[in-house]
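The block underneath contains the structure these notes are about, expressed in structure tokens.
Position 1 is the first residue of the sequence, and the numbers go up from there.
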Amino acid sequence: MADELGITRVPITIRDNTYYQHPTHWYPDGNIVYLIEDTAIKVHQSIMGRRSTSLREMWDVTSEPALGGFVTIPLEDSLSEFSFLLDVIMPHTCASPRISPERGWSTLIGLIQVAQKYNVDDVATRAVQVLDDVLPTVQNPDRNTSVYDDPDAVVQVINFARRSRSPQFLRPAFYALATQEWTNYPHPSSPLIRLSDQEDLMRVQQGRMRLQSAVIEMAIGRWENCNGYRAYKTCPQGGACWGGDEFAAENKRMRVELIDKLATIFSLDDDEAGIDRAA
């Protein structure tokens, strides 16, 4: 049997159920089998035990002998996420880095979550470092902001940041969600209702109003918000910067200033805001 990519899938029967051998992580000399979705993964118990204490502890609790006496363990993880974890921790000769920005932010989030679940701390730490270079953070709020054009992506990042204790992503994500045009998303399908923490829903709603007030307060004295002759006289370059680079630079400065205020606007404590208490 071949999948949609033309890769031959080898069927195997385990406890009267049909699975398919993983195209990469089915090692003939392996001695432990993980069952995920419709796929059987056969790997080396010694390698998995060294990398994950959580997986090692599962052998005595959830394992059942089958398939020629080998230990078999059913898992409820995403096949793609667990496969990515194996791509990273299993010995290989590929020279290219397994964890890279090219994998995409959503794939990296999946890897971090499964690595944290099984206490593969070095993989989780490395993946978070790479994700820092992919998504907007407190330190770099203007990086790749187009990701947040989709409000579902923003909600996914907020929920992930909560679960993985990665507060550096929260402030820019809250800012993006609060500045979305909510009328495009009626209540039954609103991404806001998919926030895993209901307090975050309140933070976004209250923060939206505080953000509007903060913008008005910061913008009211800017030269382009005056009328006629006064606008020309108060322009730093006598009207020459209207619509020019200086105008864009001032907008960016204003946005960075707002980012600094977001911890207060969204009622985030120091840990949630990614603030170093020792700073």
Query raised in the report: Do the side chain of R98 and the main chain of V88 share a donor and acceptor less than 3.5 angstrom apart?
Result: no
Practice item. Without swapping roles, check the side chain of R210 against the backbone of I265 for a donor-acceptor pair under 3.5 Å. Key: yes
*Close side-chain approach of L195 and I158, heavy atoms under 4.5 Å*: yes
* Asked: Under 3.5 Å, side chain of T13 to main-chain N/O of D16, donor-acceptor pair present?
  -> no
- [ ] Before accepting this row, confirm whether a basic side-chain N of the pair D122/R51 lies closer than 4.0 Å to the acidic partner's carboxylate O.
- [x] yes
- request: Assess whether side-chain hydrogen bond (donor to acceptor under 3.5 Å, both in side chains) is satisfied between S80 and S78, documenting all intermediate values.
  value: CA-CA 5 Å; S80 61; S78 158; 2.9 Å; yes
Heavy atoms of A127 and I99 approach each other most closely as CA-CG2, 3.8 Å
Lys/Arg cation over aromatic F84: R103, 6.0 Å, 45° cone: yes
Yes or no on side-chain hydrogen bond (donor to acceptor under 3.5 Å, both in side chains) for S54 and N119, after CA distance, side-chain angles and deciding distance? CA-CA 6 Å; S54 295; N119 297 319; 2.6 Å; yes
Side chain to side chain contact (heavy atoms under 4.5 Å, CB included) between I32 and H44, intermediate numbers included:
CA-CA 6 Å; I32 188 168; H44 304 93; over 6 Å; no
| Does W105 reach the side chain of V147, with side-chain heavy atoms less than 4.5 Å apart? | yes
For S83, the side-chain contact (heavy atoms from CB on, under 4.5 Å) test, sequence neighbours excluded, returns H22, L79
Side-chain (R163) to main-chain (S196) donor-acceptor, under 3.5 angstrom: no
Q.
Quick one, H25 and M90 - any side-chain contact, counting heavy atoms below 4.5 Å?
A. yes
Output for pair (L55 CG, K117 NZ), nearest 0.5 Å, gives 9.0 Å
Distance col, row R208:CZ vs S213:OG, nearest 0.5 angstrom, shows 12.5 Å
Scanning both residues in full, the closest heavy-atom pair of I47 with I89 reads CG2-O, 4.3 Å
For I112 and A124 the tightest heavy-atom approach is CG1-O, 4.2 Å
- Query: Would F82 and I41 count as a side chain to side chain contact (heavy atoms under 4.5 Å, CB included) if you check the C-alpha gap in whole Å, the side-chain angles of each, and the deciding distance to 0.1 Å?
  - Reply: CA-CA 10 Å; F82 194 79; I41 297 171; 3.9 Å; yes
Worksheet entry | Within 45° cone and under 6.0 Å: R203 NZ/CZ vs F266 ring | no
Practice prompt. Return yes if some donor-acceptor pair links the side-chain N/O of R171 with the main-chain N/O of L262 below 3.5 Å, else return no.
Written response: no
Check your understanding: Do the side chain of T137 and the main chain of F169 share a donor and acceptor less than 3.5 angstrom apart?
Key -> no
Original post:
Quick one: does F160's side chain get under 4.5 Å of L131's, heavy atoms only?
Top reply: yes
Heavy atoms, side chains only, cut-off 4.5 Å: are L201 and I193 in contact? no
Shortest non-hydrogen pair, I12 vs Y20, comes out as CG2-N, 4.4 Å
(message) Closer than 3.5 angstrom, by distance alone: can the side chain of T125 be matched with the main-chain N or O of D121 as a donor-acceptor pair?
(response) yes
In this structure, CD of E81 is separated from CG of L75 (nearest 0.5 Å) by 12.5 Å
Exercise for review: State whether the side chain of D133 and the backbone N or O of S100 hold a donor-acceptor pair below 3.5 Å, judged by distance alone.
Suggested key: no
* Do N144 and S146 have side chains that get closer than 4.5 Å, going by heavy atoms? -> yes
**Prompt:** M209, L268: one ILVMFWY side-chain cluster at the under-4.5 Å cut-off?
**Reply:** no
Inset, instruction - Side-chain contact test, heavy atoms from C-beta onward, threshold under 4.5 Å: evaluate it for Q21 versus T39 and give yes or no. - result: no
Here the pair of heavy atoms bringing V134 nearest to P101 is CG2-CB, 3.8 Å
For Y148, does its backbone N or O pair with a side-chain atom of Q180 as donor and acceptor, under 3.5 Å? yes
When Q198, Q205, E199 are each screened for side-chain contact (heavy atoms from CB on, under 4.5 Å) with M202, the one that passes is Q205
Evaluate the side-chain proximity of D29 to K42: yes if any heavy-atom separation is below 4.5 Å, no if none is.
no
CZ (R56) and CZ (R50) are apart, to the nearest 0.5 Å, by 10.5 Å
Looking only at heavy atoms, the pair that brings P167 and V138 closest together is O-CG2, 4.5 Å
Side chain to side chain contact (heavy atoms under 4.5 Å, CB included), that's the test. Do S164 and Q113 meet it? Break it down for me. CA-CA 7 Å; S164 67; Q113 291 177 155; 5.5 Å; no
- NZ/NE/NH1/NH2 to OD/OE distance under 4.0 Å, D132 and R143: no
| task | Say whether D77 and Y34, considering side chains only, have a donor N or O and an acceptor N or O under 3.5 Å apart. | result | no
Using a 3.5 Å distance criterion without hydrogens, assess whether the side chain of N31 forms a donor-acceptor pair with backbone atoms of Q45.
yes
Run I73 and L35 through side chain to side chain contact (heavy atoms under 4.5 Å, CB included) and show every step you take.
CA-CA 6 Å; I73 300 178; L35 305 175; over 6 Å; no
